[in-house]
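Along the sequence shown, residues are numbered consecutively beginning with 1. Just so it is clear, the structure is predicted and the values come from calculations on it, not from any experiment.
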Amino acid sequence: MSSDSECTLFQCPICLEEFIKPKALPCLHTFCKSCINEFIRKSTTLTDFFVVFNCPVCRKEVKLESCPSDPAKYLQDNHIIQSMKETCLSKGKLCSIHSSKQADHVCTEHNQIVCYKCIIDNHRFCIVTEIYEAIESKRHSITQVQNQLIIGKENMGTSVNAHSEEKKRILESERKCTDGVKLYVDELKNLIKKLESQILDDIQKNTKQILQRVDKNLTETNKEMTYLKTVLDEFEIINLKDITDFNKLTSIEQKLKTAHQRMNKTGRKSLSDIHLLRFQPNMDLFKVLKENDAIGKISYTGIKVPGNAKTSSTQDVLKCTETDAKTKQVLKLPLTTENTGSSANKATHTRPVNKVVSLKDDNQQLMSLKTNTDREDCFLTGITLLLDDSMIVADNGNMKIKHFSAGCKFVSQKVFSSEPWDVCRTEEDDFIVSFPSDNLIQYFTFRKGLIIPKQDKILTNGRCYGLSYHCNKIATCNRRASGVFIEVYAGLNGIIAELCVSASVLSECWYLSFCSDGENLVYTDQTTNFVSCVNLMSGREKWRKTIRSPRGIARCQTFMYVVNCKAAKLVCLSEDTGLPKREIDCSSLDGGAFSGVTVNTDQTKIFLLPMKGSEALVIK
């Protein structure tokens, strides 16, 4: 049936609208009940017995029993028309509002099927499409979602396989760690037997002094135990349920906390003295160990331990050097942000080859960075220069700090059980190193060719990466579960400024640098491709520059040198305005892409660290 015939089939010949209570005459012509009633009243005179009128369509005479109040009362209801109307409406062919109209359009703004009368009445200014087009659009949308689900399922399967492989590698690494520790202990035993006599002589010279310290600590500990017993005895006779005075309860709580602090302080001080007795050799013994390339100096550093760990949050953790990297495998975790439960949160870094390219007077000089004790390929993440232009380099891949002379010759190194990320010179030959896994910034000094850790350290609020120093102020890029922050410390006196630069833990904000005034700071964000300058006092952004994949940054006078790690370019920006002053294209120098940059003290050389290979580039 055509659409025109469908429209007239349910249309009253009198009002030309859809039927309302259709009534059929004997000639089978159908009208609305109200329409035929009105027609009968106007065309005939109603009596008490019969009423006679002609059909409005065919003019055939119709005789009905008279009912003045409802002339069409005795006409038959047209159930056929009513049934056909309901059937067409249920199949969606007719409009739900205008049941005699065909619903062949869709209002996309209201997501509603409409007829042409609905369009004129209520959807005149809406976007309306043919119903078949809307159906095709819906099918296309459903197909797209279905395809995305299929791809997501395949990706999840790939992720499961990757996690399974990672689990195998972790278990294999655990086995290698175990074997390495056993080998390490065996080598130590052999070395101890060879040096036993010299160690015993050294112990005898220092035993008296150490015992005096231990006896002093023992006396202090007994004194604190007496104090602690007094406090506990006093507390035992107190029934907390009977005390209703808040001030009295506060006084009891403060007394117990004071006792707890004194107890912890006494325990830590005593333990520190015992460490000195075990692991502080004299310089002659240290020289013998160094010449044998068997073990480096043993040091301690404090790290934060998770709150659910069984050990104290301020526990000192032993860290060995040299032989650690030589004899044992270390279980390497990816340098990531705080765990959010998604595999997308892993930050991946390329492991480079072990060569350095020094470009000077158009001559290339190759020098291997891989030492005899390296277990992994070099992965250089930080560099700083001392006053004599010698280099301190952070090798994250081998968990080492390496020292090279001004002529790029290897001098010494120090190995840790945690990966260093960035290094930064502070004053004279002192420098600091960030350890992201430990939330630690450690102070070091350089003396007589040796890298020596100092007692000074800073525990940050998250994983610390890039470092910058200016007049005893230390800034670091800090990554936490709530985002990426810039923290500024007044040396060892605590934090003085904190800025949130990204609410996403996936933001690759690795490096930063103080401006020459020390009041402003410039940082790079490789995720957003922004280099931004912010004021540390107000937290307001001074300027922002768009650079594709910015990474390392270094200040030279009043200029900022920023590495474009994708295009192998070095961009020089004004620290006041962020306007580019010049650009160095390093792609033609066989240097590849770079990640880190620093400038020597007399500002005549620029040192670049590699992104895909450790081919450090020196530019005059």
Between Lys473 and Gly518 (side chain of the first, backbone of the second, donor and acceptor by atom type, cut-off under 3.5 Å), is there such a pair? yes
Under the salt bridge (Lys or Arg N to Asp or Glu O under 4.0 Å) test, which residues partner Lys581, sequence neighbours left out? none
Using the test salt bridge (Lys or Arg N to Asp or Glu O under 4.0 Å), find all partners of Glu541 that sit at least two apart in sequence or belong to another chain. Arg544
Among side-chain atoms of Thr460 and Glu487, is any donor-acceptor pair under 3.5 angstrom?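 On atom types as modelled, these side chains do not qualify, holding no pair under 3.5 Å.
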Which atoms form the tightest heavy-atom contact between [X] and [Y], and what is the distance?
| X | Y | answer |
| --- | --- | --- |
| Ser507 | Asp525 | OG-OD2, 2.8 Å |
| Val423 | Val433 | CG1-CG2, 3.6 Å |
| Ser405 | Met391 | O-CE, 4.1 Å |
| Gly466 | Asp422 | CA-OD2, 3.5 Å |
| Cys378 | Lys402 | SG-NZ, 3.5 Å |
| Ser437 | Glu419 | OG-OE1, 3.5 Å |

Result of checking Arg447, Arg425, Lys454 against Asp430 for salt bridge (Lys or Arg N to Asp or Glu O under 4.0 Å): Lys454
Check Ile401, Thr598, Ile383 against Ile392 for a side chain to side chain contact (heavy atoms under 4.5 Å, CB included) and give me the one that passes.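 With Ile392 as partner, Ile401, Thr598, Ile383 yield a single side chain to side chain contact (heavy atoms under 4.5 Å, CB included), made by Ile401.
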Could you list the residues that satisfy side-chain contact (heavy atoms from CB on, under 4.5 Å) with Ala490, not counting sequence neighbours?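 Checked Ala490 against side-chain contact (heavy atoms from CB on, under 4.5 Å); matches are Asn493, Ile496.
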Whether Phe444 and Phe435 hold their rings parallel, tilted or perpendicular, with breakpoints at 30° and 60°: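 Tilted: the ring planes of Phe444 and Phe435 meet at 30° to 60°.
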Walk me through whether Ser390 and Asp388 qualify under side-chain hydrogen bond (donor to acceptor under 3.5 Å, both in side chains). CA-CA 5 Å; Ser390 61; Asp388 60 354; 2.6 Å; yes
A side-chain contact here means heavy atoms from C-beta on lying under 4.5 Å apart; do Glu575 and Thr558 qualify?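 Glu575 vs Thr558: side chains touch.
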Derivation and outcome, side-chain hydrogen bond (donor to acceptor under 3.5 Å, both in side chains), residues Thr373 and Gln413: CA-CA 10 Å; Thr373 58; Gln413 62 185 1; 2.8 Å; yes
